[in-house]
Amino acid sequence: MKHPILKSLSLATTLVLAFGQVQASDAEGEYHGYFRAGVGTSSNNRGPQACYGLGGNTMRYRLGNECDTYGEFEYLREMVKPINGVSFVGHVMLDAYTGSSNVSASDIGVAKMYVEAKGIPELNGGTAWIGKRYYMRPDIHFLDLQYVNMNGTGGGIDQYKVGPGRLSYGFFKDKDKVGTSAIRQNLVYQGIPTNQDGTVEVLTSFIRPDVKDDTTHGGWQLTLLHKQDKVFGGGNTIGLQHGVGPGTGKGGQCCDRMGTTGDIKNGSDVTRTRLFDSLWIQPTANWSAELVALVQRDKSNASGGTSTWTSLGMRPVYALSDHFKLQFELGTDRVTSPTGGAAQRLTKFTFAPTLTAGKGYWDRPELRAFITHARWNDAASAAVNAANESGPVFGKATSGTSIGLQVETWF
């Protein structure tokens, strides 16, 4: 979880409003953000909203299944006006998180603080940057899975024109404390044309611990993506990933994301392989959907063997009018035991009538009412209880129902 630097959400709000005032007086500034917030309850405890997932090496389907509150508030400004096309842009972003609906209890952190230089001829169309930033973080939205995430503090050059595509290089210092820190280098090549409206991307991470001894290890990850545009008004991404040691992301930032540094005590016996197909479509103005099929295999000596996570999900959406949608989400997960025990299984369904800014799948804001029902097997009971933000409220039950309200927006 992120390290809090402030404990008062009111202070964060003051800072955000200050950013807005700067924007109002300076046309060059821009204000962007994202947040989700809501309230709910469940049939299992009549208290806080319960959420349904297997935890561990998995993610969970989001609609009507987010018990936390999260926000991002960014201000960016051109610090030096263009001189012969050269521009320097500063970014500052605060984020807020709490594992409940209690927004005022959020931990506040600095998620971005960097400057980028654009339009310099020697960069050949690229951008140079130094500081802390979000970096190369594509995701499967409705599963909340950033299958690559290279966030961190460092510097680099992005989108340098080389051959048919563009090359990016990032140099990072992760976990900058004695005994845990590592140097991470990311090399990414994007935009390689393969077929009509299709491209390939190659994303790599190379990790070396600052102090190399018998207890610390280097690692790496390789991600290959094929992206296809104009698929029934949407797009499709097929991904194949493999990571070793800290390159798996295990023991690293939130959700064990690949691309950044995991635990440097993970040796070469710790591996992760993932194959997925992620599709979103908008075949008509009223119909849209997101779908995913995913298989992920995690292996380590410490766990006693190999565990495989299999996930299938879909979120069909129908717009009854310009500003009213009916959303449905069905997701099912299965995780095998590394020691040969019974596999964990969970299936979740959500129905969410939604007020929205538009008919499109990505149109926001969305104001949702929802009802979510989930079922799981006995083997999954401990995992479902442990993964629920409101605590182990399910006991030995193998089903649950939640109702609530949520807003999600980006701007």
Side-chain angles (χ1 to χ4, degrees), residues 1-7 56-57 72 90-97 107-117 127-139 145-158 167-188 202-223 241-274 298-303:
M1 201 50 238
K2 49 187 81 64
H3 299 288
I5 64 164
L6 302 171
K7 293 297 182 181
N57 63 346
E72 300 173 346
H91 299 250
V92 177
M93 188 175 86
L94 303 180
D95 61 359
Y97 178 84
D107 289 333
I108 313 299
V110 177
K112 295 182 186 180
M113 189 167 60
Y114 72 99
V115 173
E116 56 184 349
T127 300
W129 63 272
I130 294 177
K132 181 179 182 181
R133 67 170 298 178
Y134 285 177
Y135 195 67
M136 303 290 178
R137 51 201 295 270
D139 72 332
L145 173 62
Q146 293 178 8
Y147 48 87
V148 173
N149 183 307
M150 298 178 177
N151 294 357
T153 302
I157 297 176
D158 290 347
L167 187 68
S168 299
Y169 170 78
F171 180 92
F172 296 87
K173 185 74 171 291
D174 290 333
K175 301 181 178 181
D176 198 9
K177 294 182 180 179
V178 175
T180 62
S181 62
I183 298 296
R184 167 168 54 96
Q185 299 182 75
N186 294 117
L187 194 63
V188 176
V202 182
L203 303 92
T204 63
S205 303
F206 304 95
I207 299 162
R208 178 181 62 81
D210 271 351
V211 178
K212 187 71 170 68
D213 57 30
D214 292 340
T215 66
T216 61
H217 307 275
W220 57 272
Q221 74 82 26
L222 171 66
T223 297
Q241 302 178 267
H242 185 73
V244 175
T248 61
K250 296 183 67 175
Q253 60 171 259
C254 168
C255 317
D256 293 345
R257 292 164 176 157
M258 298 178 73
T260 187
T261 301
D263 190 342
I264 59 174
K265 298 191 182 301
N266 290 336
S268 59
D269 64 297
V270 179
T271 63
R272 169 171 290 171
T273 303
R274 180 189 294 147
D298 288 282
K299 182 179 180 182
S300 74
N301 292 340
S303 68

* With a 4.5 Å limit on heavy-atom distance, are the side chains of Tyr97 and Ile108 in contact? -> no

* **Greater than 12 external heavy atoms within 6.0 Å of Ile130's CD1** => no

* Pair Thr271-His242, side-chain contact (heavy atoms from CB on, under 4.5 Å): steps then yes or no -> CA-CA 7 Å; Thr271 63; His242 185 73; 4.1 Å; yes

* Structure fact -> Tyr135 and Ser168 have their tightest heavy-atom pair at OH-CB, 3.7 Å

* **Criterion side-chain contact (heavy atoms from CB on, under 4.5 Å) on Met150 and Val188, from CA distance to verdict** => CA-CA 11 Å; Met150 298 178 177; Val188 176; 4.0 Å; yes

* Give a yes-or-no answer on whether the side chains of His91 and Glu116 include a donor-acceptor pair shorter than 3.5 Å. => yes

* To do: Give, for atom OG1 of Thr248 and atom CZ of Arg257, the distance between the pair rounded to the nearest 0.5 Å.
  => 14.5 Å

* Structure fact -> Heavy atoms of Arg272 and Asn57 approach each other most closely as NH2-CB, 3.9 Å

* About how many Å separate OG1 of Thr153 and CG of Asp174, when rounded to the nearest 0.5 Å? -> 8.0 Å

* Structure fact -> Contacts of Leu222 meeting side chain to side chain contact (heavy atoms under 4.5 Å, CB included) (sequence neighbours excluded), chain-then-number -> Val202, Thr204, Trp220, Leu224

* In Å, rounded to the nearest 0.5 Å, how long is the span from CG of Asp210 to CG of Asp176? -> 7.0 Å

* Structure fact -> Smallest heavy-atom separation, Ala182 atom then Ile207 atom, equals CB-CG2, 4.0 Å

* For the side chain of Lys173 and the backbone of Gly152, is there at least one donor-acceptor N/O pair under 3.5 Å apart? -> no

* Asp269/Lys299 under side-chain contact (heavy atoms from CB on, under 4.5 Å): CA gap, chis, key distance, verdict -> CA-CA 7 Å; Asp269 64 297; Lys299 182 179 180 182; over 6 Å; no

* To do: Carefully, step by step, assess Tyr169 and Trp129 under the rule ring pair (Phe, Tyr, Trp, His ring centres under 6.0 Å).
  => CA-CA 10 Å; Tyr169 170 78; Trp129 63 272; 9.7 Å; no

* Asked: Distance from Arg208 atom CZ to Thr216 atom OG1, nearest 0.5 Å?
  -> 10.5 Å

* **CA sep, side-chain torsions, deciding dist, call: Asn266, Lys250, side-chain contact (heavy atoms from CB on, under 4.5 Å)** => CA-CA 8 Å; Asn266 290 336; Lys250 296 183 67 175; 4.0 Å; yes

* **Intermediate values then yes/no, side-chain hydrogen bond (donor to acceptor under 3.5 Å, both in side chains), Asn186 and Ser205** => CA-CA 5 Å; Asn186 294 117; Ser205 303; 2.6 Å; yes

* Shortest non-hydrogen contact between Val270 and Ser300, atoms and distance -> CG2-CB, 3.8 Å

* **Min side-chain heavy-atom separation Gln241-Val148 under 4.5 Å** => yes

* To do: Taking all heavy atoms of Arg133 and all of Lys112, pick out the closest pair and write down the distance.
  => CA-CG, 4.2 Å

* Asked: Just checking, Arg137 and Tyr134: is the charged tip under 6.0 Å from the six-membered ring centre and within 45° of the axis?
  -> yes

* To do: Report the distance from atom CE of Met258 to atom CG of Leu203, rounding to the nearest 0.5 Å.
  => 11.0 Å

* Distance-minimising heavy-atom pair for Ser181 and Ile264 -> O-CD1, 3.9 Å

* Atom pair CD/CE of Gln146 and Met136 - distance to nearest 0.5 Å -> 13.5 Å

* Asked: Is there a donor-acceptor contact under 3.5 Å from the side chain of Asp107 to the main chain of Ala96?
  -> no

